[in-house]
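Input: a single structure, listed below in structure tokens.
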Amino acid sequence: MSVAVDKPHIPLTALIAVFFRVGITSFGGSTAAWLYRETVERRAWLDEKGFVTALTLCQVLPGANPVNLSIYVGAQLRGGLGGTVAAIGLIFPPFCVILALAFLYLRFGTSPLVHAVLLGLAAAGVGMTLSVGAKLARGVRKPFPIIIAATLFTTIGILHWPMVPVVLVLAPISIAVERWLWKAQAQ
């Protein structure tokens with residue numbers, strides 16, 4: 001399937017350690033970037049195609065994408081228990097950090113230093129997300145997916161159009177064009 005060819009036996013302690021580290025060190029959209037680094041580049045638990053497939057599936061499922069991704073990877077490697085362990089490893093650290101930060105924000109939230117730190121964290125999250133996007137875009141050779149991605153980025157990211165209507169318009173167009181290209185290539 002999408003797991004590395006020689007599916008090794010991954011200890012549950014390794015799963016929880018990796019997802020705990022990702023949970024404690026990532027924030028916002030950068031979680032997918034850290035998961036990519038850990039599961040594809042460092043440990044080869046998934047190949048790049050498997051990660052993209054997992055990420056795509058997790059984005060259409062209800063719930064938080066990184067949590068869905070942790071459950072998917074854990075379940076692929078160790079079944080239901082692996083999915084549970086990976087999700088707990090990913091969720092528990094940020095939960096504790098959020099509680100501590102909420103307390104600190106109540107006390108020091110009006111400080112300009114706090115606002116500067118939060119802006120810096122947001123910038124780092126955006127940078128990590130763009131990093132994964134750039135790595136995954138390396139393999140795209142067809143012009144049409146690039147056009148769709150650029151259109152999505154422009155309309156949602158720059159023009160701030162609502163995401164749902166944009167996706168509802170572009171998704172069927174993308175599917176129809178890819179199907180047409182696939183049929184034309186098969187002839």
Side-chain angles (χ1 to χ4, degrees), residues 1-3 19 22-23 25-41 45-76 83 86-87 90-91 94-95 97-98 101-102 105 115-187:
M1 187 157 203
S2 61
V3 178
F19 285 93
V22 170
T25 58
S26 65
F27 44 87
S30 70
T31 306
W34 285 106
L35 288 174
Y36 176 84
R37 180 178 294 156
E38 292 292 332
T39 61
V40 176
E41 292 178 346
W45 289 348
L46 297 175
D47 58 13
E48 189 166 307
K49 183 178 179 186
F51 183 85
V52 172
T53 301
L55 185 60
T56 302
L57 175 65
C58 293
Q59 288 177 337
V60 298
L61 293 174
N65 296 340
V67 176
N68 291 344
L69 193 55
S70 69
I71 293 169
Y72 178 90
V73 172
Q76 287 293 310
L90 187 74
I91 294 169
F95 176 75
V97 169
I98 292 294
L101 289 176
Y105 190 76
H115 288 280
V117 168
L118 292 175
L119 286 174
L121 290 173
V126 169
M128 287 294 292
T129 302
L130 290 175
S131 168
V132 167
K135 285 179 183 178
L136 294 176
R138 286 188 313 232
V140 178
R141 301 286 180 242
K142 297 179 188 176
F144 189 69
I146 295 169
I147 292 168
I148 291 292
T151 304
L152 280 168
F153 179 78
T154 303
T155 55
I156 296 169
I158 296 173
L159 300 176
H160 301 289
W161 290 5
M163 182 172 62
V164 173
V166 172
V167 170
L168 287 175
V169 169
L170 289 179
I173 292 171
S174 177
I175 291 168
V177 169
E178 283 298 321
R179 184 171 182 196
W180 177 77
L181 290 172
W182 180 71
K183 281 184 175 182
Q185 185 180 19
Q187 292 177 351

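All values derive from a computational prediction rather than experimental measurement.
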First locate atom CZ of Phe153, then atom CG of Leu130, and finally report the distance between them rounded to the nearest 0.5 Å. 6.5 Å
Nearest-0.5 Å distance, CD1 of residue Ile98 to CD1 of residue Ile91: 12.5 Å
Taking the six-membered ring of Trp182, is NZ or CZ of Arg179 closer than 6.0 Å to its centre and within 45° of its axis? no
As a test of understanding, state which of Ile147, Ile148, Ile156 forms a side chain to side chain contact (heavy atoms under 4.5 Å, CB included) with Leu170. Ile148
Kindly check if the number of other-residue, nucleotide or ligand heavy atoms within 6.0 Å of CZ (Phe144) is above 12? yes
Atom OG1 of Thr39 and atom CD of Glu48: how far apart are they, to the nearest 0.5 Å? 10.5 Å
Test side chain to side chain donor-acceptor pair (under 3.5 Å) applied to Glu178 - qualifying residues, sequence neighbours left out: none
Please name the pair of heavy atoms, one in Val167 and one in Pro172, separated by the smallest distance, quoted to 0.1 Å. O-CD, 4.0 Å
So, does Ser70 use its side chain to make a donor-acceptor pair with the main chain of Val67 at under 3.5 Å? yes
Nearest heavy-atom pair of Ala54 and Leu69: which atoms, and what distance? CB-CD1, 3.6 Å
Cys58 and Tyr72 have their tightest heavy-atom pair at SG-CB, 4.1 Å
Rounded to the nearest 0.5 Å, what separation is found between the CZ atom of Phe19 and the CD1 atom of Ile71? 10.0 Å
Strictly distance-based, threshold 3.5 Å: is any side-chain N or O of Ser131 a donor or acceptor partner for the main-chain N or O of Gly127? no
Between atom CE of Met163 and atom CG of Leu168, what is the distance when rounded to the nearest 0.5 Å? 10.0 Å
Any pair with a residue in residues 151-171 that passes salt bridge (charged side-chain N to carboxylate O under 4.0 Å, His left out), sequence neighbours left out, goes on the list, sorted by first then second residue, please. none
Of all the heavy-atom pairs spanning Trp34 and Val22, show the shortest one and how long it is. CB-CG1, 3.8 Å
Check Gly74 against Ala86 and note the closest heavy-atom contact, atom names and distance. CA-CB, 4.1 Å
Where Gln59 and Asn65 come nearest, the two heavy atoms and their spacing: CA-OD1, 3.3 Å
So how far is it from Lys142 NZ to Ile146 CD1, rounded to the nearest 0.5 Å? 11.0 Å
